[in-house]
Amino acid sequence: MIEFGYILIIIFELIIALVIIFALRTLEKKVRNCLSNVNKQAKETLCTIKNVRLNLKNFNKHVCNIKKLDIKKIKQAILLVLDVVNFILLVKSMDFKNLGKAKNFKKLIPFGLLKKLIFKLK
């Protein structure tokens, strides 16, 4: 009887060992699946981070280019263009038939425009 009891205990231990091994294998498969999913998401996140980093580098480069622009020089150039347009309108409005009689010679020479041009060339 004792030998039969030992055999039953050994069979019971083998069955429990097989159940534990089977459970461990299924858990191992689940862990591998979860790990592969995490790896896929990590790769996608890494690619997204690289894209964001590249976009930020491009943005910073464009912002630096904007910072390099001198707004005062642009404003002066626009004012210079407006002075040229104003001079052209002044010349168009002049009466060249009576030019010798009138004392409008000073109006034909835009001293402000000449000063700005000389200042720009320096």
Side-chain angles (χ1 to χ4, degrees):
M1 249 342 207
I2 295 177
E3 293 176 7
F4 182 72
Y6 286 125
I7 294 174
L8 283 176
I9 292 174
I10 292 173
I11 292 174
F12 181 71
E13 288 178 353
L14 285 175
I15 292 173
I16 290 176
L18 289 174
V19 168
I20 291 174
I21 290 173
F22 179 74
L24 287 175
R25 283 193 177 176
T26 56
L27 286 176
E28 182 184 11
K29 287 179 184 179
K30 288 180 181 179
V31 168
R32 283 186 183 175
N33 288 336
C34 289
L35 184 63
S36 66
N37 290 337
V38 168
N39 283 336
K40 287 178 185 177
Q41 289 177 353
K43 285 180 183 178
E44 291 173 1
T45 305
L46 184 63
C47 290
T48 305
I49 290 172
K50 286 181 181 179
N51 290 338
V52 168
R53 184 177 178 202
L54 182 64
N55 290 338
L56 281 175
K57 281 184 180 180
N58 289 336
F59 177 77
N60 286 337
K61 184 176 23 172
H62 293 303
V63 168
C64 289
N65 289 339
I66 290 172
K67 284 183 179 178
K68 288 179 185 177
L69 292 176
D70 191 6
I71 303 299
K72 290 179 183 177
K73 288 184 181 180
I74 293 172
K75 183 180 174 183
Q76 288 175 353
I78 290 172
L79 288 175
L80 188 63
V81 168
L82 289 174
D83 282 344
V84 169
V85 169
N86 193 15
F87 176 69
I88 291 171
L89 291 174
L90 177 68
V91 170
K92 281 188 173 184
S93 68
M94 291 294 293
D95 185 17
F96 289 107
K97 293 178 184 173
N98 298 326
L99 188 62
K101 297 176 186 174
K103 295 180 181 179
N104 290 333
F105 289 112
K106 288 186 178 179
K107 287 186 180 177
L108 285 176
I109 302 172
F111 289 107
L113 180 65
L114 290 175
K115 286 180 187 176
K116 287 182 183 177
L117 281 173
I118 291 170
F119 182 72
K120 288 284 185 184
L121 293 175
K122 284 183 180 181

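- Here the CD1 atom belonging to Ile7 is positioned 11.5 Å from the CG atom belonging to Leu14, to the nearest 0.5 angstrom.
- Judged as a side chain to side chain donor-acceptor pair (under 3.5 Å), the pairs with a partner in residues 32-55 (not counting sequence neighbours) are, in order, Glu28-Arg32.
- Taking CD1 of Ile20 as the reference point, atom CG of Leu27 lies at 11.5 Å (rounded to 0.5 Å).
- Separation of atoms OH (Tyr6) and CD1 (Ile11) is listed at 15.0 Å; rounding is to 0.5 Å.
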